[in-house]
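For reference, the structure is listed below as structure tokens.
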Amino acid sequence: MKVTVIGYYGGYPANGIGTSSYLIESNGYHLLMDCGSGALLSLEKVLDPLQLDAVILSHYHHDHVADVGVLQYYWQLHEERPNQQTLPIYGSTADPLMFGSLTWPHASIGKGYAPADILHLGPLTISFLPMKHPVPAFGMRIVETGTDETLVFTADTAYIQELVPFADRADLLMTDTNFYNDKTGTKWHMTAGESGQLANDAHVGQLMLTHLPQTGDLSTLKQEAQTAAGSVHVELAALRKTFAVKL
Ligand SMILES: [Zn+2]
Ligand SMILES: [Zn+2]
């Protein structure tokens with residue numbers, strides 16, 4: 001299993017780089033996890049969007065779903081679809097209006113998930129953890145059939161203790177690291193130190209810092225995370241960089 005970063009900023013695109021979106025590939029299966037601003041333009045550089053098998057959304061904040069509409073138009077406007085007629089888009093049913101928008105005639109069909117569900121998408125088994133965020137948001141634990149390679153994505157969240165067992169021994173942990181350690185006040189995202197500590201506590205194989213801030217020096221962010229992560233290998237998300245889930 002491998003994951004390619006399609007966009008990695010939190011909040012808004014900048015510097016020619018979009019917001020949260022990741023392409024997960026396993027045995028020819030293509031899953032797009034989140035579809036933020038700029039996702040379609042970036043995805044087109046690595047994969048024909050018609051080759052997607054499914055999309056899954058962590059929550060309905062715009063920086064995670066902004067390009068769903070244009071992805072639906074892409075499918076609608078291409079009559080020839082090599083794999084399937086309709087693109088399944090998985091999202092929480094907690095927001096009925098947003099969930100309803102996932103279905104678009106001749107393009108996509110919304111598929112609801114609830115926190116306790118276990119999804120089987122192609123070779124991937126996906127379970128969820130509700131996060132601490134202003135709207136319902138769900139972390140995902142994605143296990144590849146046959147190899148048991150495991151990817152855990154925190155979605156957007158403040159640090160919560162439940163993340164430690166949820167991320168336990170994941171080969172790759174992807175954390176919402178929107179803040180440097182000196183962040184004060186209300187936090188709806190994790191700091192670099194919290195991401196690193198989580199990776200250490202959960203004994204993961206490697207840590208990818210993502211949902212990154214547009215400000216400051218990202219090498220400082222990485223250093224703050226690495227200090228807390230101990231021996232866990234830490235990487236910054238990078239545009240269209242592909243990570244093997246298992247090192
Ligand atoms: Zn976000
Ligand atoms: Zn959010």
Side-chain angles (χ1 to χ4, degrees), residues 3-24 31-43 55-71 89-99 101-102 110 112-115 126 128-142 151-160 162-163 166-167 172-180 183 185-192 194-195 198 207-216 218 221 225 236-241:
V3 54
T4 300
V5 178
I6 301 300
Y8 62 73
Y9 278 129
Y12 58 91
N15 310 312
I17 299 163
T19 62
S20 184
S21 189
Y22 311 90
L23 177 63
I24 297 167
L31 174 67
L32 191 68
M33 183 168 72
D34 282 349
C35 187
S37 175
L40 194 59
L41 205 53
S42 181
L43 176 66
V55 177
I56 191 163
L57 304 172
S58 63
H59 65 305
Y60 294 117
H61 273 157
H62 295 297
D63 54 325
H64 299 253
V65 301
D67 267 18
V68 168
V70 288
L71 176 61
I89 304 180
Y90 292 83
S92 162
T93 53
D95 183 333
L97 203 60
M98 291 301 291
F99 175 69
S101 73
L102 304 184
Y113 68 73
I126 305 178
F128 301 95
L129 180 69
M131 292 295 144
K132 184 179 176 187
H133 205 53
V135 299
F138 301 92
M140 299 178 213
R141 186 176 174 100
I142 303 177
L151 166 69
V152 170
F153 174 53
T154 67
D156 282 10
T157 188
Y159 177 81
I160 51 172
E162 293 87 339
L163 276 166
F166 188 67
L172 173 63
L173 171 64
M174 299 168 57
T175 54
D176 165 8
T177 312
N178 207 230
F179 297 136
Y180 296 85
K183 169 71 180 174
T186 306
K187 284 185 283 187
W188 293 114
H189 306 277
M190 285 189 281
T191 65
E194 287 170 332
S195 284
L198 171 60
L207 170 64
M208 184 207 303
L209 308 176
T210 192
H211 204 270
L212 299 177
Q214 294 84 355
T215 55
L218 291 180
L221 192 87
L236 291 165
L239 185 61
R240 291 189 287 281
K241 178 173 177 172

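Both counts, for ligands and for their atoms, begin at 1 and track the order of listing. The structure displayed is predicted, hence computed values, not measured ones. This chain uses plain numbering: 1 for the first residue, then up along the sequence.
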Regarding [X] and [Y], do their side chains bring together a donor and an acceptor under 3.5 Å, going by distance alone?
| X | Y | value |
| --- | --- | --- |
| H59 | D156 | yes |
| S42 | R240 | yes |
| H133 | H61 | yes |

- Query: Under 30°, 30 to 60°, or over 60°: which ring-plane class applies to H211 and H64, parallel, tilted or perpendicular?
  - Reply: parallel
Determine, step by step, whether T19 and D63 satisfy the side-chain hydrogen bond (donor to acceptor under 3.5 Å, both in side chains) criterion, reporting the C-alpha distance in whole Å, the side-chain angles of both residues, the deciding distance to 0.1 Å, and the verdict. CA-CA 5 Å; T19 62; D63 54 325; 5.6 Å; no
Check the Zn ion (ligand 2) and write out every protein N, O or S atom at under 2.8 Å, as residue and atom.
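Listed by chain and number, the nearby protein N, O or S atoms are H59 NE2, H61 ND1, H133 NE2, D156 OD2.
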_Once rounded to the nearest 0.5 Å, what's the spacing between atom OH of Y8 and atom CG of L209?_
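Interatomic distance, Y8 OH to L209 CG, rounded to 0.5 Å: 12.0 Å.
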